[in-house]
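Numbered from 1 within each chain, the chains take letters A, B, ... in sequence-line order. Note that the structure is predicted; figures quoted are calculated from it, not measured.
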Amino acid sequence: MKAAILLFPGINRERDMVLAVRQSFGAEPTVVWHKETELPAGTDLVILPGGFSFGDYLRCGAMAAQSPIMRAVKAHAERGGYVLGVCNGFQILTETGLLPGALLRNAGLRFLSMDTMLRVERNDTVFTNKWEKGAVFRAPMAHGDGNYTADEVTLDRLEGENLVAFRYADGNRNGSARDIAGIFAPNLRVLGLMPHPENLVDPLMGGTDGKPLFDALAAA
Amino acid sequence: MKAIVTVMLKNGVLDPQGKAIGHALHNLGFPQVGEVRMGKIIELELAETDAAKAQTAAEDMARKLLANTVIESFKVEIAA
Amino acid sequence: MKAIVTVMLKNGVLDPQGKAIGHALHNLGFPQVGEVRMGKIIELELAETDAAKAQTAAEDMARKLLANTVIESFKVEIAA
Amino acid sequence: MTQVNADLAKSFGLNAEEWGKVLEIMGRTPSLTELGIFSVMWSEHCSYKSSRVWLKELPTKAPWVIHGPGENAGVIDIGEGLAAIFKMESHNHPSFIEPYQGAATGVGGILRDVFTMGARPVANLNALRFGDPKLPVTKRVVDGVVRGIGGYGNCVGVPTVGGEVNFHPAYNGNPLVNAMTVGIAKQDKIFLSAAAGVGNPVVYVGSKTGRDGIHGATMASTEFDAASEDKRPTVQVGDPFTEKLLIEACLELMQTDAIVAIQDMGAAGLTSSSVEMAGKGGVGIELTLDDVPQRETGMTAYEMMLSESQERMLLVLKPERSEMARAIIEKWDLDYAVIGHITDTGRIVVKHKGVVEADIPLAPLSDAAPLYRRPIAETPKPAPLGAVDLSAPLDEALLKLIASPDLCSRRWIFDQYDSSVGGQTVKRPAQADAAIVKLEDTKRALAVTADCTPRYCVADAEQGGAQAVAEAWRNITATGALPLAVTDNMNFGNPEKPEIMGQFASAIKGMAAACKALDFPVVSGNVSLYNETEGRPILPTPAIGAVGVLEDAAQAVGYGLKPGLELVLVGQTKGELGRSLYLREILGREDGAPPVVDLAAERKNGDFVRTQILSGKVTASHDVSDGGVLVAVAEMLLAGEAGAELAAEGDAAFWFGEDQARYVLAVSDANALLTAAREAGIPAQRIGHATATEKLTLPNGIAISLPQLREAHEGFFPQWFA
Ligand SMILES: Nc1ncnc2c1ncn2[C@@H]1O[C@H](COP(=O)(O)OP(=O)(O)O)[C@@H](O)[C@H]1O
Ligand SMILES: [Mg+2]
């Protein structure tokens with residue numbers, strides 16, 4: 001699997017993502033500047049990492065969604081390419097319309113930086129097949145706007161079509177609707193989630209709970 | 001001209017900031033406060049002399065960037 | 001009644017958000033955009049029938065909580 | 001037109017004698033812009049006029065020191081061709097006026113001091129002191145400061161990994177916000193600020209200049225009073241997004257050979273950066289302000305020279321590389337403008353709209369800067385602690401202590417700081433005595449900490465100064481790392497009062513002795529004076545930030561306890577309760593002498609502990625400081641997954657005394673450790689063992705359940721902000 005990591009100004013977890021991908025893929029991902037209009041030839045997986053693209057001024061992810069590279073990402077997704085958005089990356093995917101809903105300010109209006117537990121809602125996807133269904137794993141979160149929201153119809157559809165990827169399993173700190181921490185697009189090839197599996201891929205940094213995500217992608 | 005774009009969360013979308021402000025106002029001794037909604041206001045200087053054109057342009061900007069119409073609604077006013 | 005409190009950064013205070021929005025609008029193909037300032041708007045439902053009293057109360061709330069008067073100024077409008 | 005005269009000079013903070021010197025240097029009445037330049041360069045903040053004679057006493061050299069004080073930040077060798085670059089800086093006054101922006105811009109400022117030298121910032125810390133938590137204003141300040149530090153640090157993507165927080169009524173109206181940044185650079189890619197090369201372009205990079213913070217440097221150098229309200233418009237707003245761009249743009253530019261010299265525009269903005277760069281290089285500088293990127297219309301030369309708009313840098317470039325540099329800066333959407341050039345005149349010349357607005361000889365501007373050896377009055381040594389009532393039950397005292405604002409969990413604070421961004425954080429807050437941050441692509445790691453105990457300093461500034469250094473050294477040692485160097489932030493009251501200068505001088509004396517004894521040189525620092533409200537000074541607060549190194553990050557130990565381990569107390573316990581938290585929180589007393597700092601014992605015990613850790617025999621380690629041994633053990637339980645049963649004999653003075661140079665180590669073989677200690681001549685005793693139960697059993701048999709302990713420890717902040 002050939003991975004491209006997008007770099008928008010203000011993104012700050014791209015190095016973390018490079019480390020996680022490098023470790024599982026055994027190959028170096030390409031980092032792509034947001035002003036590019038094409039993805040590198042042969043890109044299978046596009047990763048939108050975390051951070052504060054354009055300062056998250058106005059709305060998280062809103063300005064990044066308008067970046068030139070996002071047209072190529074949409075085309076990639078329409079072709080059935082894989083896309084992973086983490087934290088700000090998830091926000092950018094909702095702003096772009098590649099995933100439904102939106103991420104509002106955390107219910108408590110404070111930035112939340114701590115470990116959280118995530119439950120794997122389905123394991124028959126290219127992202128989650130290294131976990132058991134229902135498995136609970138630890139993932140650090142670090143966000144001010146992770147409060148997932150969508151209208152009831154959309155939420156029901158997400159549930160009905162089994163598109164919820166992860167739910168918070170140890171309390172819902174940010175106020176997300178139905179404890180949703182991550183969702184898939186209907187083709188199961190686009191995943192967005194708020195917490196950071198890429199920050200738990202090394203025992204030295206506290207554990208390897210997040211590694212199955214990258215191992216699964218590497219094997220796909 | 002100046003365009004003033006007001007962006008509010010749609011009815012029915014939970015407003016964590018509005019809720020927190022309402023709570024804080026009660027604690028500060030303002031029991032008369034009922035629902036609170038918080039939104040954004042964006043003032044744009046436009047190099048434009050035609051109010052109708054300014055209106056159209058600002059609406060376009062709101063749809064493309066300033067508001068996320070999944071959760072927000074907007075309103076544009078033109079001032080001289 | 002409804003009080004609408006608009007809070008803007010004072011003149012001369014750096015507005016990083018406004019700056020970034022202006023920049024993004026240019027990139028989106030709106031060259032006519034000049035200065036952009038971003039502020040907050042807070043809509044309060046008030047259990048109050050007297051407009052003058054509502055105005056005073058809302059101003060009080062703005063001074064105490066809604067605006068940071070060190071760097072922001074505010075304006076209150078009362079709607080029915 | 002403003003009349004420039006002695007009265008105006010006075011309102012700018014220059015006294016009659018200083019004004020006389022200005023006239024002598026200039027040989028004429030200075031222009032308003034010139035007066036502004038003198039007033040900020042000669043302010044306490046920029047000139048260190050009251051503190052310089054004392055700072056010279058600090059040891060600053062060691063074989064591993066690459067650049068000591070005098071540069072934007074200190075630089076030390078951390079092995080493998082890498083350097084750690086770090087400094088601490090205060091933003092006290094702005095943080096009281098506008099807590100969010102004051103703290104945020106404090107973080108932004110210290111980041112710039114570090115990346116201007118070529119380092120990628122890898123860790124932020126903050127040392128905070130607030131007033132009485134019962135006052136509503138304290139809550140507002142804490143909330144704003146914490147949000148501001150998080151708002152800025154989280155956005156720029158530098159993990160905030162440590163810090164400290166104290167409360168004391170002496171900080172009412174004058175909180176302390178000391179921010180520290182640690183960065184990493186290659187030793188052969190370190191950038192300095194001395195300008196060179198006549199004709200080389202002087203380039204402005206970053207945000208546009210507005211009227212922000214004009215006279216911020218002089219404000220930071222005067223006391224607070226009711227009139228401070230009027231100084232509010234000087235508040236600066238931070239733009240962390242632009243800072244992030246600036247970091248990336250500067251680091252990218254530093255990969256090339258374009259830069260001759262670089263300096264952030266900090267306090268006194270364009271004035272101090274241009275004066276310092278040209279002054280250090282022994283050259284002259286000419287600026288044309290018309291080309292300065294401006295955010296507002298109609299700005300005057302005076303305003304542009306004194307503006308403290310944030311997120312700006314000043315560079316001297318090689319002319320043939322300037323177009324390439326422009327391309328890099330503009331790629332990051334930052335302003336780039338050539339605003340002058342280097343000359344050989346030894347003068348700073350400022351032109352605006354065709355008029356020479358300032359023309360000042362640089363050498364006298366710095367050489368003739370005022371330097372005061374102000375009168376000092378030493379604080380009398382505190383009377384020895386009289387009889388102390390030790391009758392409070394141990395369990396009740398412990399629960400009360402660990403729930404108190406100075407000892408309770410800081411989780412509510414650090415949960416608002418992104419501590420994992422960067423993917424290198426080995427030990428986060430509340431896991432180890434120092435935060436551990438790995439150096440990417442190596443096995444090495446840095447250990448970083450910030451420490452000071454102002455309640456000791458106010459009783460005995462010399463002991464307090466030594467203690468602050470010793471505690472920082474101990475915190476690094478307790479992780480297994482080798483302590484290398486410190487940065488300091490000297491926060492004191494009005495230096496014109498002899499008793500304040502006495503505190504300052506004594507603190508320096510204590511710090512210097514500790515730094516010498518521990519081979520722990522000072523490589524950078526900052527002084528913040530006039531920390532008073534209506535004439536009442538803060539507690540003397542010489543905050544110490546420190547950095548150590550581990551050759552193998554995997555060897556770092558934290559203080560979380562696991563069942564089955566034995567607990568050994570290393571170091572001598574006499575039961576020193578003077579100025580202890582036990583005395584203050586349980587008995588309502590703040591008297592006696594602070595604990596003695598025995599630097600020889602500190603060194604010996606610490607070297608022993610580090611050796612034990614690096615030999616792999618220690619599973620958990622915690623230094624003993626605030627609250628004494630029992631609090632240390634409680635913290636080890638709360639950070640781990642074990643209970644404990646304590647066995648040592650001792651009264652409250654034993655369990656809560658704050659004797660220095662001590663550690664609690666958790667090992668699987670206590671006898672081996674005790675034997676090794678005996679052979680090294682170091683006092684050590686077994687005090688109990690860790691259990692698989694959910695409780696802490698005290699020597700008297702009384703047990704406290706861990707949930708109860710946790711509830712007491714975690715309660716304060718969440719309840720305060722509920
Ligand atoms: N208390 C101190 N101890 C040691 N060095 C200090 C101290 N205070 C300031 N310095 C050093 O003096 C120099 C000037 O400090 P400062 O004006 O705060 O730096 P900057 O201009 O980068 O803000 C720096 O090199 C700093 O490290
Ligand atoms: Mg500097």
Side-chain angles (χ1 to χ4, degrees), chain A residues 8 53-68 70-71 88 90-112 143-158 172-180 183 192, chain B residues 2-30 33-47 54-79:
Chain A
F8 303 90
S53 56
F54 298 90
D56 275 354
Y57 298 151
L58 185 64
R59 273 187 328 277
C60 300
M63 295 186 216
Q66 303 295 339
S67 276
M70 286 312 291
R71 223 169 285 152
N88 202 213
F90 184 14
Q91 293 161 343
I92 297 169
L93 291 179
T94 60
E95 281 284 342
T96 313
L98 283 171
L99 289 171
L103 293 135
L104 300 177
R105 287 291 296 280
N106 292 342
L109 304 188
R110 287 187 192 276
F111 193 89
L112 293 170
H143 60 245
D145 300 73
N147 183 348
Y148 183 75
T149 190
D151 56 48
E152 288 299 312
V153 176
T154 305
L155 290 170
D156 288 341
R157 179 176 65 76
L158 285 172
N172 175 346
R173 296 175 179 84
N174 58 23
S176 287
R178 306 192 191 179
D179 300 343
I180 290 173
I183 55 172
Chain B
K2 206 169 183 169
I4 299 173
V5 182
T6 311
V7 180
M8 300 296 291
L9 285 169
K10 284 182 181 164
N11 277 334
V13 177
L14 182 79
D15 176 4
Q17 286 170 289
K19 217 173 97 183
I21 292 172
H23 191 80
L25 287 174
H26 284 172
N27 286 348
L28 273 177
F30 295 103
V33 174
E35 211 201 336
V36 180
R37 307 281 293 169
M38 174 148 160
K40 287 182 277 232
I41 182 157
I42 300 141
E43 293 186 4
L44 307 157
E45 283 295 344
L46 296 182
Q55 174 87 23
T56 317
E59 283 177 6
D60 200 19
M61 294 177 210
R63 260 188 305 270
K64 286 206 175 118
L65 181 73
L66 305 177
N68 174 351
T69 51
V70 174
I71 46 169
E72 294 170 329
S73 59
F74 66 86
K75 190 175 86 202
V76 172
E77 275 169 278
I78 301 296

*asked:* Just by distance, no angles: are the side chains of B:Asn68 and A:Glu95 close enough, under 3.5 Å, to form a donor-acceptor pair?
replied: yes
*Between B:Leu65, B:Asp15, B:Leu9, which shows the greatest number of heavy-atom pairs under 4.5 Å with chain A?*
B:Leu65
*Within 6.0 angstrom of B:Lys75 NZ, more than 12 heavy atoms from elsewhere*: no
*Sort B:Val13 into side chain, backbone, both or neither according to what part of it lies under 4.5 angstrom from a heavy atom of chain A.*
side chain
_Regarding A:Asn88 and A:Ser53, do their side chains bring together a donor and an acceptor under 3.5 Å, going by distance alone?_
yes
*Is the closest side-chain heavy-atom distance between A:Pro100 and A:Leu158 below 4.5 Å?*
yes
*State which residue, out of A:Asn147, A:Thr149, A:Leu155, fulfils the side-chain contact (heavy atoms from CB on, under 4.5 Å) condition with A:Ile180.*
A:Leu155
*Check ion pair A:Glu152-A:Arg178 (N to O, under 4.0 angstrom)*: yes
*Can you check whether B:His23 reaches B:Val36 side chain to side chain, under 4.5 Å on heavy atoms?*
no
*Listed by residue number, which members of residues 104-112 of chain A have a heavy atom under 4.5 Å from any heavy atom of chain B?*
A:Leu104, A:Arg105, A:Asn106, A:Ala107, A:Leu109
